[in-house]
Every structure is written in C-alpha cells, then in structure tokens.
Amino acid sequence: MTAKISYDDVEVGTELPAQTFPVTRATLVQYAGASGDFNPIHWNEKFAVEVGLPDVIAHGMLTMAEAIRVVTDWVGDPGAVVEYGVRFTKPVVVPNDDKGATIEVGAKVAAKLDDRRVRVDLLARSADQKVLGMSRAVVQLA
C-alpha cells in the first residue's frame, strides 16, 4: 500500500476528518485479551478506585491506537505513519453502563517537512477533557 494523499495537495492547516470512537467495558476485555494487558485498573472497578482512580480506565495504548486511526484512515496506508508519539494527560474513564465512554479525535497538518512528509497534530478528548498531549505523527505522503 502507499499513501493516497499527495504532498502537493496538502497545506499547513489542512484538517483531517474527525472521528469518535466508543469504548465500553467489553472493548476493554477484548483489548486486554489481544494485548495481554490484564492490569486490574482496566477491568476491576473496586481495585481502580482503591488505587485512586475514579473508575476503570481504558488502556493507554488502546487510546493511542484509536487516535491514530484518524491519520491512517485519511492517508489510506497505516505504513505511511513513520513516527507517532503522545503524552498521556488524563485517563479515559469507562463507566459500567450501556454507553461507556467515547474518544473524540481531530487532527490537522501542522507542518510540511522534507521528503514529502508532513507532521500531523492530533487532539484526543474524552468527557470534555484532553486525554493525549503532544500527540503528533509524521506521515509519508505520495
């Protein structure tokens, strides 16, 4: 696969289509099984509260993975992401109800770099709080 977006067609400030990702307790169980991360803060409400959390929280790597989907869906090739990093600022709290939580992600091209690459800055929020800080990806465009 190769990127479907041309470097020549992108300007600084180009906004990527925003997306919202649901996260339920079932999502956490599925992610724990796939990742092998069975830390009780992600499934045991009593334990999470005992260690000072408001409730069960989503895995940080799950939050990162959902956020970068905005970029990979836009560019059309997950392999086009050559760098990606974040700082975790707030946890995604996942209540034990029918709705769970949502992660809302927006992104925009922040800089055009050499070699047909761009830096994309992402904004990820849940429950009206920023959950990822310094969330940036470098993407190789066509």
After noting the C-alpha distance and the side-chain angles of Leu123 and Lys130, does the key distance pass the side-chain contact (heavy atoms from CB on, under 4.5 Å) rule?
CA-CA 7 Å; Leu123 176 61; Lys130 188 175 176 181; 4.0 Å; yes

Extract all donor-acceptor atom pairs below 3.5 Å that involve side chains of residues 27-37 and protein atoms in other chains or at least two apart in sequence.
{"residue": "Thr27", "atom": "OG1", "partner": "Thr24", "partner atom": "N", "Å": "3.1"}
{"residue": "Thr27", "atom": "OG1", "partner": "Thr24", "partner atom": "OG1", "Å": "3.1"}
{"residue": "Ser35", "atom": "OG", "partner": "Tyr31", "partner atom": "O", "Å": "2.9"}
{"residue": "Ser35", "atom": "OG", "partner": "Asp37", "partner atom": "N", "Å": "3.1"}
{"residue": "Asp37", "atom": "OD1", "partner": "Asn39", "partner atom": "N", "Å": "3.1"}

Quick one: closest heavy-atom pair of [X] and [Y], and the distance?
X: Pro78; Y: Thr72; value: CA-CG2, 3.7 Å
X: Ile5; Y: Trp74; value: CG1-O, 3.3 Å
X: Val70; Y: Ala107; value: CG1-CB, 4.0 Å
X: Val94; Y: Ala58; value: CG2-N, 4.0 Å
X: Asp97; Y: Lys99; value: OD1-N, 3.0 Å

Pair up each side-chain donor or acceptor in residues 9-22 with any protein partner under 3.5 Å, not counting sequence neighbours, and list the distances.
{"residue": "Thr14", "atom": "OG1", "partner": "Glu11", "partner atom": "N", "Å": "3.1"}
{"residue": "Thr14", "atom": "OG1", "partner": "Glu11", "partner atom": "O", "Å": "2.7"}
{"residue": "Gln19", "atom": "NE2", "partner": "Asp73", "partner atom": "OD2", "Å": "3.0"}

Checking Glu83 now: which residues fulfil side chain to side chain donor-acceptor pair (under 3.5 Å) with it, not counting sequence neighbours?
none

Reported CZ-to-CE distance for the pair Phe88 and Met64, which is rounded to 0.5 angstrom
5.5 Å

Measure the spacing between CG of Leu122 and NZ of Lys108 and express it to the nearest 0.5 Å.
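The NZ atom of Lys108 is 11.5 Å from CG of Leu122, to the nearest 0.5 Å.
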
Answer whether the closest heavy-atom distance between the side chains of Val56 and Trp43 falls below 4.5 Å.
no

Can you check side-chain contact (heavy atoms from CB on, under 4.5 Å) on Thr63 and Ile103, steps first, answer last?
CA-CA 8 Å; Thr63 305; Ile103 303 168; 4.1 Å; yes

Criterion side-chain contact (heavy atoms from CB on, under 4.5 Å) on Leu113 and Tyr7, from CA distance to verdict:
CA-CA 10 Å; Leu113 309 172; Tyr7 181 85; 5.8 Å; no

N/O donor-acceptor pairs under 3.5 Å from side chains in residues 131-142, not counting sequence neighbours:
{"residue": "Gln140", "atom": "OE1", "partner": "Arg117", "partner atom": "NE", "Å": "2.7"}
{"residue": "Gln140", "atom": "NE2", "partner": "Asp115", "partner atom": "O", "Å": "2.7"}
{"residue": "Gln140", "atom": "NE2", "partner": "Arg116", "partner atom": "O", "Å": "3.4"}

Please check if Val82 and Val118 belong to a single hydrophobic cluster, counting links between Ile, Leu, Val, Met, Phe, Trp and Tyr side chain heavy atoms closer than 4.5 Å.
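In one cluster with Val82: Val118, no.
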
Take a 6.0 Å sphere around NZ of Lys90 and say whether it holds more than 12 heavy atoms from other residues, nucleotides or ligands.
no

Apart from Ile41 itself, members of its ILVMFWY cluster (side-chain separation under 4.5 Å) are Phe47, Val51, Leu53, Ile57, Val93

Which pairs with one or both residues in residues 44-56 pass side-chain hydrogen bond (donor to acceptor under 3.5 Å, both in side chains), sequence neighbours excluded?
Arg25-Glu45, Arg25-Asp55, Lys46-Glu50

